[in-house]
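A short worksheet on the structure shown next.
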Amino acid sequence: MKKISLFCFALSCIALQSCKNNQEEKAETPAELAVQKTVSSDCYQAIYEQDTLLLKLNTLDNGQITGDMKMTIENMPTKQGNLAGEFKGDTLYASYTFIQGDYKEKTYKNPMAFLKKGDQLILGNGEIQTTMGASYFVKGKPIDFERVKYKFDKVACKE
């Protein structure tokens, strides 16, 4: 009886390990293999009092938006990181992953919304909720694009 139980246990372990290996293979393949080409790049700058924000947005051939942003805000460490998102109508909803100052050990991630008006992008203010470590805009609460500090104007990109 012990031999049968031991055999069933070993067979179960092998089956579970096999399933786990298949999941790992699937997790590595999606976005990494599908490299998208950049269709266009636009650069923006927002200045408010002593604050300067620099933004570069790349539009990919699948419609997704990627980019980089550097936020130099008075009396705060510089925030520098990457944006990834997409336009829904005239609003860009993006996730900003960044580090603060020279401390590269910890990264932060915040949702952002930019309203496009002509050649200008307006960074909106909205209520953000964090659940299980993920931050997002509270559903049903409007994002304010009127009472804002940062309005980005299109500038020439620096190489």
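Using a 4.5 Å heavy-atom cutoff, the side chains of Tyr136 and Thr131 are in contact. Contact check for Leu60 versus Thr38: side-chain heavy atoms found under the 4.5 Å cut-off. Contact annotation: the side chain of Thr91 never approaches that of Ile143 to less than 4.5 Å [non-hydrogen atoms, C-beta and beyond]. With contacts defined as side-chain heavy-atom distances shorter than 4.5 Å, the pair Asn110/Phe98 qualifies.
Checking side-chain atoms of Asp42 against main-chain N and O of Lys154 turns up no donor-acceptor pair under 3.5 Å.
Sequence neighbours left out, the pairs with a member in residues 36-130 that pass disulfide (SG to SG under 2.5 Å) are Cys43-Cys157. Sorted by first and then second residue, the pairs that involve residues 126-141 and meet salt bridge (charged side-chain N to carboxylate O under 4.0 Å, His left out), not counting sequence neighbours, are Glu127-Lys141. The list of side chain to side chain donor-acceptor pair (under 3.5 Å) pairs with a residue in residues 65-77, not counting sequence neighbours, is empty.
By the side-chain hydrogen bond (donor to acceptor under 3.5 Å, both in side chains) test, Asp119 is found to be paired with no residue, residues two or more places apart in sequence or in another chain being considered. Under the rule for a side-chain contact (heavy atoms from CB on, under 4.5 Å), Glu49 has no partner lying at least two apart in sequence or in another chain. Scored by the side-chain contact (heavy atoms from CB on, under 4.5 Å) test, Lys116 finds Tyr44, Phe87, Leu121 as partners (sequence neighbours excluded). Qualifying side-chain contact (heavy atoms from CB on, under 4.5 Å) partners for Glu86, counting only residues two or more places apart in sequence or in other chains: Gln64, Lys88. Take Lys37 and apply the side-chain contact (heavy atoms from CB on, under 4.5 Å) test, not counting sequence neighbours, and it matches Asp61. With sequence neighbours excluded, the residues forming a ring pair (Phe, Tyr, Trp, His ring centres under 6.0 Å) with Phe152 are Phe114, listed by chain and number. By the side-chain hydrogen bond (donor to acceptor under 3.5 Å, both in side chains) test, Ser95 is found to be paired with no residue, residues two or more places apart in sequence or in another chain being considered. Evaluation of the salt bridge (Lys or Arg N to Asp or Glu O under 4.0 Å) rule for Asp153 yields no partner, not counting sequence neighbours.
Among all heavy-atom pairs drawn from Asn58 and Gly67, the shortest one is ND2-CA, 4.1 Å.
A distance of 4.5 Å separates CG in Leu53 from CE in Met71, rounded to the nearest 0.5 Å. We find the OH-CG distance between Tyr93 and Leu83 to be 15.0 Å, quoted to the nearest 0.5 Å. Taken to the nearest 0.5 Å, the CG atom of Asn125 stands 9.5 Å off from the OH atom of Tyr150.
Met112 and Phe145 fall into different hydrophobic clusters, where Ile, Leu, Val, Met, Phe, Trp and Tyr residues are linked whenever their side-chain heavy atoms come under 4.5 Å apart, directly or through other members.
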Donor-acceptor pairs under 3.5 Å, side chain of residues 100-109 to any protein atom, not counting sequence neighbours: which ones?
none

